[in-house]
Amino acid sequence: MTASIIDGKAFAANVKETVARKVETLKNDHDLTPGLAVVLVGEDPASQVYVRNKNKSTVAAGMNSFEHLMNDDVSEADLIAKVNELNNDPAVHGILVQLPLPKHINEAAVIESISPEKDVDGFHVINSGLLATGGKGMVPCTPLGCIMMLKDKLGNLSGLDAVVVGRSNIVGNPMAQLLLNESCTVTIAHSRTKNIEDVVRRADIVVAAVGVPELVKGDWIKEGATVIDVGINRITKDDGKTKLVGDVEFDSAAERAGAITPVPGGVGPMTIAVLLANTVTAACRQAGIEEPA
Ligand code: GUN
């Protein structure tokens, strides 16, 4: 079998188009312009690129974008004060504090200071609790993007065997929860899992989110399985050149999988698209308006 390639870029463009259409309706019919505030602490170059892209995409979708840059020696109290200011700003419907934060700041304390209704990352403990109990909270962007692609490819996921490799609060844990909510039989594999190959071999759906380059070998993939690779790792090849690879050995996995996401161009572009979609959802809920279709 040769896998079909799941084009995350095209999928994300579609999601962004839908978001822009909804924003247009909210502006015209309700005089409501969704607003996303992004807080960046320090000058980490990778984070700066992410924040710039978020800002550009927010504006392109017709929404308001508010960027708050803070020095990397800002105190935790001052950062939380900034978050509180945004919690109380009616023009701001979504708040994202770019991670990682400098070591002197307690990330959990900052995340918990964001109003759960404005937590478009879905990282607040209230939102993870709602996800775990089937409630209506904000859902983390990357796992939600993965579920959207899986449902588009496979339709109903009920009863399928799903293996999530990785147990982070940002991707692995919420991903497993979302798959469980779709009635998959879910296994979370991680660094202590025994016989990880055998665990992956029985999966109809493999979601890899560990941040270890090509950890999941192609011959572990069941014939016809759907593979979602969340990893983005920069490696140096023998010739000294660098290259982006996922957490899955792409070429050999693509020979066995039914469908697979490439790296780059798979899951990556979906995260910002879903962030915008979450901001629209948050704005509608805060305004007490039904989200446009
Ligand atoms: N840093 C890398 N990815 C993310 C993300 O999805 N949200 C936030 N807040 N920070 C990040």
Side-chain angles (χ1 to χ4, degrees), residues 8 12 15-16 19 35-58 65-70 72 74 76 79-80 82-83 86-87 92-103 105-128 131 137-149 164 166-175 177-178 207-211 228-234 244 246-247 263-264 266-279 281-282:
V15 172
K16 284 179 175 176
V19 167
L36 173 64
V38 177
V39 181
L40 173 61
V41 178
E43 295 181 349
D44 174 64
S47 292
Q48 284 176 327
V49 172
Y50 286 135
V51 169
R52 210 173 305 132
N53 287 339
K54 282 167 187 164
N55 179 19
K56 267 203 285 199
S57 300
T58 306
S65 172
F66 308 98
E67 216 177 282
H68 296 271
L69 307 178
M70 306 187 89
D72 62 1
V74 69
E76 187 177 306
L79 177 54
I80 289 176
K82 172 59 73 183
V83 170
L86 299 170
N87 284 339
V92 172
H93 304 95
I95 302 170
L96 180 147
V97 178
Q98 186 68 27
L99 304 177
L101 291 169
K103 291 210 169 19
I105 294 175
N106 178 346
E107 268 182 15
V110 174
I111 290 168
E112 300 324 324
S113 75
I114 300 172
S115 283
E117 311 78 54
K118 294 192 178 186
D119 168 38
V120 282
D121 262 328
F123 294 165
H124 193 289
V125 69
I126 294 265
N127 284 318
S128 48
L131 181 62
M138 299 306 306
V139 178
C141 304
T142 302
L144 184 52
C146 294
I147 279 284
M148 288 163 77
M149 292 196 286
V164 179
R167 53 175 160 177
S168 72
N169 285 337
I170 294 181
V171 185
N173 278 339
M175 187 72 232
Q177 200 60 61
L178 283 167
V207 180
V210 266
I228 305 287
D229 192 348
V230 183
I232 302 181
N233 313 287
R234 188 170 290 283
L244 286 181
D247 291 349
V263 177
V267 175
M270 283 298 283
T271 301
I272 290 186
V274 176
L275 173 68
L276 303 181
N278 274 355
T279 305
T281 300

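Below, all heavy atoms of this structure are taken into account, side chains as well, without hydrogens, waters or symmetry copies. Just follow the structure's listing: the first ligand is 1, and inside any ligand the first atom is 1. Being a predicted model, the structure only gives us computed values, none of them experimental.
- Taking 4.5 Å as the limit, every side-chain heavy atom of I272 sits out of range of all side-chain heavy atoms of T58.
- Considering only heavy atoms from C-beta on, K82 stays 4.5 Å or farther from I80 through its side chain.
- At least one donor-acceptor pair closer than 3.5 Å links the side chain of N127 to the backbone N or O of M138.
- For ligand 1, the 4.0 Å heavy-atom shell contains residues L96, V97, Q98, L99, D121, F123.
- Of the candidates V267, D121, L275, V274, V267 is the only one forming a side chain to side chain contact (heavy atoms under 4.5 Å, CB included) with T142.
- Using a 4.5 Å heavy-atom threshold, the side chains of V38 and S65 count as separate.
- Between F123 and I170 there is a side-chain heavy-atom pair separated by less than 4.5 Å.
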